[in-house]
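Report on one structure; see the data block that follows.
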Amino acid sequence: MRQLYGSGYNVNIKVFNELQHTITGWPGGKPNADDTYRPERANPYPKLLIVFSPHPDDDVISMGGTLKRLVDQGHDVHVAYETSGNIAVGDEDMLRYFLVMDKVAPLFGFDTPGYKKLSEIARHTADNKGAGEMDVQDIREVKTLIRQAEASIACRFIGVKPDHIHFLRLPFYETGAIKKGDLTRTDIDIVRRLITDVKPHQIFVAGDLADPHGTHRVCTDAVLAAVDELKEESWMADCRIWMYRGAWAEWEIDHIEMAVPISPEELRFKRNSILKHQSQMENAPFLGDDDRLFWQRAEERNRATAQLYQNLGLASYEAMEAFVSYTPI
């Protein structure tokens, strides 16, 4: 170490500067600014970008503040939900929708035999399904639509354009059971088509691989496999890939390459965007070993990251979202 930097004092300055340069309020790059010491380049501006979310709420849980910042700073933001997330919708949450629709249907003339049969199936499911028992396909479809509606409301709240919301429904997830299938060529092709259509300047992807049932890992593998196949395309040379965490863990500080400060107001906004996913609040069936709700985990992890930066002598912020870059080999 002494041969490289001369003294511990010099090492301290070097580490301090490197950490300081990870902090940016411009996660898409600041236009018309010197980007020598910024984690993201200034140009092009505005950027096209895709946020890949394994489940229909990981985007706001893990990077809701950054997502809002990207939208507000004028970037063209696409959000892609990789799986339906339907098994995480509780039967009571599903039944709530049918109790409303049962009243609405006769008022507006769509209380058809088909709807009545579906409503009966929903009630039977809520009353009689045993622990670990799979939903029938029609009920899984309804639960998929519930999660899509919640994700769409959250995106609307943030400001993502409706035609920039993509529900990929990767087939590996659709087993109807907790245990999922293996990643296949079909899954990778679905992700690859979206990336090719958008030709983004930034891709945000989950690096949080500790979720209980492995869905995050498979979703990340699908994106990285597609990126690996596309890396020789000319437009990919101008694409940066950032990995986020937040639902299950946080990046260690020596790994962080971009840290986005979040104000108290922005943290409240992030909480409210997470709360748009009503089926994943109090009754969410897959919270894992962490008893905290997802919005509580997110806030506490983001505050802990900001506190760690402050403890190391850097600026004080309410909270921070952290990212690590990924470079295809």
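Source: prediction; values computed, not measured.
Residues F16 and L312 share a single hydrophobic cluster, defined by chaining ILVMFWY side chains whose heavy atoms lie under 4.5 Å apart. Both L194 and I188 belong to a common hydrophobic cluster when Ile, Leu, Val, Met, Phe, Trp and Tyr are linked at side-chain heavy-atom distances under 4.5 angstrom. Linking ILVMFWY side-chain heavy atoms closer than 4.5 Å, directly or via other members, places I153 and L275 in two distinct hydrophobic clusters. Taking hydrophobic clusters as Ile, Leu, Val, Met, Phe, Trp and Tyr residues chained together by side-chain heavy-atom distances below 4.5 Å, L224 shares a cluster with V191. A chain of hydrophobic side-chain contacts below 4.5 Å, direct or via other Ile, Leu, Val, Met, Phe, Trp or Tyr residues, connects V205 to I190.
Taking the six-membered ring for Trp, F52 and Y81 have ring centres at least 6.0 Å apart. Residues Y45 and H75 bring their aromatic ring centres within 6.0 Å.
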Before giving the answer on side-chain contact (heavy atoms from CB on, under 4.5 Å), spell out for Y309 and T22 the whole-Å C-alpha distance, their side-chain angles and the decisive distance to 0.1 Å.
CA-CA 10 Å; Y309 269 78; T22 65; 2.8 Å; yes
Passes side-chain contact (heavy atoms from CB on, under 4.5 Å), E40 versus D35? Steps please.
CA-CA 7 Å; E40 252 298 349; D35 58 11; over 6 Å; no
Could you walk me through whether E141 and R169 pass the salt bridge (charged side-chain N to carboxylate O under 4.0 Å, His left out) test, one step at a time?
CA-CA 11 Å; E141 188 65 27; R169 298 189 66 171; 3.1 Å; yes
Go through the steps to decide whether L19 and I253 satisfy the test side-chain contact (heavy atoms from CB on, under 4.5 Å), and finish with yes or no.
CA-CA 9 Å; L19 283 172; I253 194 163; 3.9 Å; yes
Walk me through whether V51 and H78 qualify under side-chain contact (heavy atoms from CB on, under 4.5 Å).
CA-CA 6 Å; V51 176; H78 290 252; over 6 Å; no
Stepwise, does the side-chain hydrogen bond (donor to acceptor under 3.5 Å, both in side chains) test hold for Y317 with S263?
CA-CA 7 Å; Y317 298 103; S263 70; over 6 Å; no
Working note: E299 + R271, criterion salt bridge (charged side-chain N to carboxylate O under 4.0 Å, His left out); need CA distance, chi angles, decisive distance, verdict.
CA-CA 8 Å; E299 288 192 9; R271 179 196 301 180; 2.6 Å; yes
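Look at D228 and K231 and you find a salt bridge, because one of the NZ, NE, NH1 or NH2 atoms lies within 4.0 Å of a carboxylate O, short of that distance. The pair D221-R217 does not meet the salt-bridge criterion, since no charged nitrogen lies less than 4.0 angstrom from a carboxylate oxygen. Between D135 and K129, at least one side-chain nitrogen of the basic residue sits less than 4.0 Å from a carboxylate oxygen of the acidic one, meeting the salt-bridge criterion. In this structure, D102 pairs ionically with R123, as a charged nitrogen and a carboxylate oxygen lie closer than 4.0 Å. With respect to E321 and K270, a salt bridge is recorded, a charged nitrogen being found less than 4.0 Å from a carboxylate O. One finds a salt bridge joining E318 and R303 here, because a Lys/Arg side-chain nitrogen approaches an Asp/Glu carboxylate oxygen to under 4.0 Å. Ion pairing between a basic and an acidic side chain is recognised when a charged N comes within 4.0 Å of a carboxylate O; R69 and D72 show no such pairing. A salt bridge does not link D197 with R193: every distance from a Lys NZ or Arg NE/NH1/NH2 to an Asp or Glu carboxylate oxygen is 4.0 Å or more. Salt-bridge formation is detected for the pair R147/D57: a Lys NZ or Arg NE/NH1/NH2 atom is positioned less than 4.0 Å from an Asp or Glu carboxylate oxygen.
Side-chain contact between C239 and I195 is absent, with no heavy-atom pair separated by less than 4.5 Å. For the pair D111/V104, no side-chain contact is recorded, criterion being any heavy-atom separation below 4.5 Å from C-beta on. You'll find the side chain of L49 stays beyond 4.5 Å of the side chain of D76, heavy atoms only. Annotation: side chain of T220 is in contact with side chain of M243 (closest heavy-atom distance under 4.5 Å). Looking only at side-chain heavy atoms (C-beta outward), W295 and M281 come within less than 4.5 Å of each other. When side chains are defined from C-beta on, P264 counts as touching R268, because their heavy atoms get closer than 4.5 Å. In this structure, the side chains of Q73 and P27 come closer than 4.5 Å at one or more pairs of heavy atoms. Contact of the C219 side chain with the T83 side chain is registered, since non-hydrogen atoms from C-beta on lie closer than 4.5 Å.
For the atom pair CE of M94 and OG1 of T125, the computed distance is 5.5 Å after rounding to the nearest 0.5 Å. In this structure, H166 NE2 and I50 CD1 are separated by 7.0 Å, a value rounded to the nearest 0.5 Å. Distance CZ/R245 to OG1/T305: 11.0 Å, rounded to 0.5 Å. One finds the NZ atom of K116 at 8.0 Å from the OG1 atom of T112 (value rounded to the nearest 0.5 Å). Taken from OG1 in T215 to CD in E82, the straight-line distance is 10.0 Å, to the nearest 0.5 Å. To the nearest 0.5 Å, atoms CD (Q280) and NE2 (H55) are separated by 8.5 Å.
Looking at E150, its side chain does come within 3.5 Å of a backbone N or O of S279 through a donor-acceptor pair. The backbone N or O of E120 lies less than 3.5 Å from no partner atom in the side chain of H124, so there is not a single donor-acceptor pair. Counting only distance, with no hydrogens or angles, the side chain of S62 and the backbone of D59 share no donor-acceptor pair below 3.5 Å. In this structure, R156 contributes its side chain and K161 its backbone to no donor-acceptor pair below 3.5 Å. Put simply, the side chain of R297 gets close to the backbone of R292: a donor and an acceptor are under 3.5 Å apart. Put simply, the side chain of T175 gets close to the backbone of K179: a donor and an acceptor are under 3.5 Å apart. With hydrogens and angles ignored, the 3.5 Å screen pairs no side-chain donor or acceptor of D238 with any backbone N or O of H201. Using a distance-only test at 3.5 Å, with no hydrogens or angles considered, no donor-acceptor pair links the side chain of Q307 to the main chain of A304.
Between P39 and E257 the shortest heavy-atom distance is CB-O, 3.4 Å. Taking both residues in full, the closest heavy atoms of I203 and V227 are given as CD1-CG2, 4.2 Å, listed atom of the first, atom of the second, then distance.
Of the candidates N86, D91, D138, D91 is the only one forming a side-chain hydrogen bond (donor to acceptor under 3.5 Å, both in side chains) with K143.
Side-chain contact of D187 with T184: a donor-acceptor pair under 3.5 Å is present, judged by distance alone. Counting only N and O atoms by type, the side chains of S84 and E174 include a donor and acceptor under 3.5 Å apart. No side-chain N or O of Y244 forms a donor-acceptor pair with one of T66 less than 3.5 Å apart. Of the N and O atoms on the side chains of E252 and H255, at least one donor lies less than 3.5 Å from an acceptor on the other residue.
Using a 30° and 60° split on the angle between ring planes, F110 and Y115 fall in the perpendicular class, above 60°. Between W242 and F323, the ring planes lie perpendicular to each other; the angle is over 60°, past the 30° to 60° tilted range.
The number of heavy-atom neighbours closer than 6.0 Å to CG of D182, taken from other residues, nucleotides and ligands shown, is 12 or below. In the displayed structure, Y37 atom OH is contacted under 6.0 Å by at most 12 heavy atoms of other residues, nucleotides or ligands. Applying the 6.0 Å contact sphere to CG of N32 captures no more than 12 heavy atoms from other residues, nucleotides or ligands.
For the pair K180 and F172, the NZ or CZ position fails the cation-pi test of under 6.0 Å to the six-membered ring centre and within 45 degrees of the ring normal.
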